[in-house]
> 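One structure coming up, written as structure tokens, with questions to follow.
Values reported hereafter were calculated over all heavy atoms of this structure, with side chains retained and with hydrogens, waters and symmetry mates removed.
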There are 2 protein chains.
Amino acid sequence: MGPAGSDNWHAMLDGAETILREEGHAALTSRRVADQIGVKQRLVYYYFRTMDDLIIETFRRLSERELARLANAAGSQLPLRQIWEVCVNTADARLISEFMALATRIDGLGKEVIHFIESSRAIQIEAIRKASSGSKADHDLPAEALAVLATSVALALTRERQLGVRSGHPEMHGLIDRFLEGLEPRYAAIPDAPKG
Amino acid sequence: MGPAGSDNWHAMLDGAETILREEGHAALTSRRVADQIGVKQRLVYYYFRTMDDLIIETFRRLSERELARLANAAGSQLPLRQIWEVCVNTADARLISEFMALATRIDGLGKEVIHFIESSRAIQIEAIRKASSGSKADHDLPAEALAVLATSVALALTRERQLGVRSGHPEMHGLIDRFLEGLEPRYAAIPDAPKG
DNA sequence: GTCTATACACCGATAGAC
DNA sequence: GTCTATCGGTGTATAGAC
């Protein structure tokens, strides 16, 4: 078995990610991964015992990356806005759809996906709590519900946009902007700051 | 080509739906569909020119069914609550994930999916508008945004529930209940009606 | 560590008998 | 309308040379 973390190992995960994103998991085969990075098919089985292993590793690396982005956003100024940005510009919605579809059927992937969802939710909830306690906007929306809302809407908007649907999107984005402005005003401490 | 609407035709779509739901589109083959309904593989190609055609027809039949359920809910008493029920108890979230993943890559399916999303959104927006104008709850949430919210959250909750995630769900359901109660009270005209 | 070669199963789609 | 039989292609995974 080839070493995890080596150049070829990363290259194979990169290839798998690209294929999943652009063509879906029906096209994710050892031959395609090998072609993608210019090696022979046999080598894929030197680095990964099975294709399922490769898929699980691909998700694990991706989710670590995303959790790091989220944690970073939560520690920034304007954490809520940054978190929202991460959610909307997260890994391609197609990629997420593929992993969701696979999670039900590849044993071991489901566990990883659950861990990712719960970790990212925890980060979001904490950030929302902090922002709420420091804000004068009064709403009775539990942080847990807001975290679910953010994730759900971000994913749906991204997926629909990629598909070519726009109806309701401007109004949804407007609502989010207004809500964020109430909870985390862009220029809270600088009343006369320039706009934009 | 076999006649659309015949028993075998429906049986094949049923079989395709089951396979998609339980095993995903990687397992959706003409042989599997044939096995599922007890005929030989060749017959699938008598009723459908290609496997892509079969997939598109499967989605079309499903979406017509769902749009009918939605329209029916919109015409009921408590339309918002009924629509929410339809969204939450819609076709298996796994099934939706599969079609979403396929929509990007099967020409002709994307068009159908877009049509479905926009039609269901239009039904929801109209129902929300009606309910809002007849309600005394004052909120400044556009009907379009609420429709996007409902669809997004319902799908995400269903998907996560099937996966085994629960964090944030009770709070989310609580928020939805409170919101619906404000917009479409369960016993608006019957102040002393019994609870439950 | 990377390769050639191969075993064996399954795929979509078609030819053509009944 | 349903079948048997088959073509050419591709899949996972492994054996074993270098």
> Using atom types as modelled, flag every donor-acceptor pair under 3.5 Å from a side chain in residues 31-43 of chain A to any protein atom, sequence neighbours excluded.
unit_1, atom_1, unit_2, atom_2, d
A/R32, NH2, A/E23, OE1, 3.2
A/R32, NH2, A/E23, OE2, 2.5
A/Q41, NE2, A/S30, OG, 3.1

> Would you mind telling me which of D/dT4, C/dC11, D/dG11 lies closest to the side-chain atoms of A/T29?
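So the side chain of A/T29 is nearest to D/dG11.
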> Enumerate the ring-ring contact (aromatic ring centres under 6.0 Å, His included) contacts for residues 62-91 of chain A, please, sequence neighbours excluded, ordered by first and then second residue.
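Not a single pair qualifies under ring-ring contact (aromatic ring centres under 6.0 Å, His included).
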> With sequence neighbours excluded, give me every side-chain hydrogen bond (donor to acceptor under 3.5 Å, both in side chains) pair touching residues 165-174 of chain B.
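Checked against side-chain hydrogen bond (donor to acceptor under 3.5 Å, both in side chains) - neighbours excluded - the pairs reaching residues 165-174 of chain B are B/E160-B/H169.
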> How long is the line joining CG of A/D53 and P of D/dT12, in whole Å?
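It is 13 Å, rounded to the nearest whole Å.
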> Between atom CZ in A/F48 and atom C1' in D/dT14, what is the gap in whole Å?
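In whole Å, D/dT14 C1' lies 18 Å from A/F48 CZ.
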> Strictly by side-chain hydrogen bond (donor to acceptor under 3.5 Å, both in side chains), give each pair with a member in residues 88-97 of chain B just once, sequence neighbours left out.
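Matches after skipping sequence neighbours: B/E66-B/T90, B/E85-B/N89, B/D92-B/Q162.
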> Check the distance between D/dA13's P and A/L54's CG and give it to me in whole angstrom.
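For the pair A/L54 CG and D/dA13 P, the rounded distance is 11 Å.
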> Check whether any side-chain nitrogen or oxygen of A/Y46 sits under 4.0 Å from OP1 or OP2 of C/dT2, and answer yes or no.
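So the side chain of A/Y46 is outside the cut-off, no N or O lying under 4.0 Å from OP1 or OP2 of C/dT2.
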> I'd like to know whether A/F59 forms a side-chain contact (heavy atoms from CB on, under 4.5 Å) with A/L102, so could you lay out the CA-CA distance, the side-chain angles of the two residues, the decisive distance to 0.1 Å, and finally the verdict.
CA-CA 11 Å; A/F59 181 80; A/L102 289 166; over 6 Å; no
> Tell me the interatomic distance from A/H25, atom NE2, to D/dT10, atom C1', rounded to whole angstroms.
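Rounded to whole Å, this separation is 16 Å.
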> Rounded to whole Å, how long is the line connecting atom CG of A/L43 with atom C1' of C/dC3?
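It is 9 Å, rounded to the nearest whole Å.
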> For residues 12-44 of chain A, which residue pairs pass the ring-ring contact (aromatic ring centres under 6.0 Å, His included) check, not counting sequence neighbours?
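As it turns out, the ring-ring contact (aromatic ring centres under 6.0 Å, His included) pairs with a partner in residues 12-44 of chain A, which skip direct neighbours, are A/H25-B/H25.
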> Does A/R121 pair with A/E118 as a salt bridge, N-O distance under 4.0 Å?
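Here A/R121 does not pair with A/E118 in a salt bridge, since their nearest N and O are not under 4.0 Å apart.
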> What residues, two or more places apart in sequence or in another chain, satisfy side-chain hydrogen bond (donor to acceptor under 3.5 Å, both in side chains) together with B/N8?
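With neighbours one apart ignored, the set is B/Y47.
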> Taking only distance into account, with no hydrogens and no angle test, what donor-acceptor pairs under 3.5 Å do side-chain atoms of residues 14-22 of chain B form with protein atoms, sequence neighbours excluded?
unit_1, atom_1, unit_2, atom_2, d
B/D14, OD1, B/R61, NH1, 3.1
B/D14, OD1, B/R61, NH2, 2.6
B/E17, OE1, B/R61, NH2, 3.3
B/E17, OE2, B/R21, NH2, 3.2
B/T18, OG1, B/D14, O, 3.0

> Using a 4.0 Å heavy-atom cut-off to protein, can you give one letter per nucleotide of nucleotides 13-18 of chain C, 5' to 3': B if the base is in contact, S if only the sugar-phosphate is, - if neither?
BBBB--
> Under 4.0 Å: is that the gap between some side-chain N or O of A/Y47 and OP1 or OP2 of C/dT2?
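For C/dT2, OP1 or OP2 has a side-chain N or O of A/Y47 closer than 4.0 Å.
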> Near DNA chain D, counting only heavy atoms under 4.0 Å, which residues of residues 6-24 of chain B show up?
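The answer is B/N8.
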> Starting at CE of A/M1 and ending at P of C/dT2, how long is that distance when rounded to a whole Å?
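For the pair A/M1 CE and C/dT2 P, the rounded distance is 14 Å.
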> Nearest whole Å is fine: how far is D/dA13 C1' from A/R32 CZ?
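Between C1' of D/dA13 and CZ of A/R32: 19 Å.
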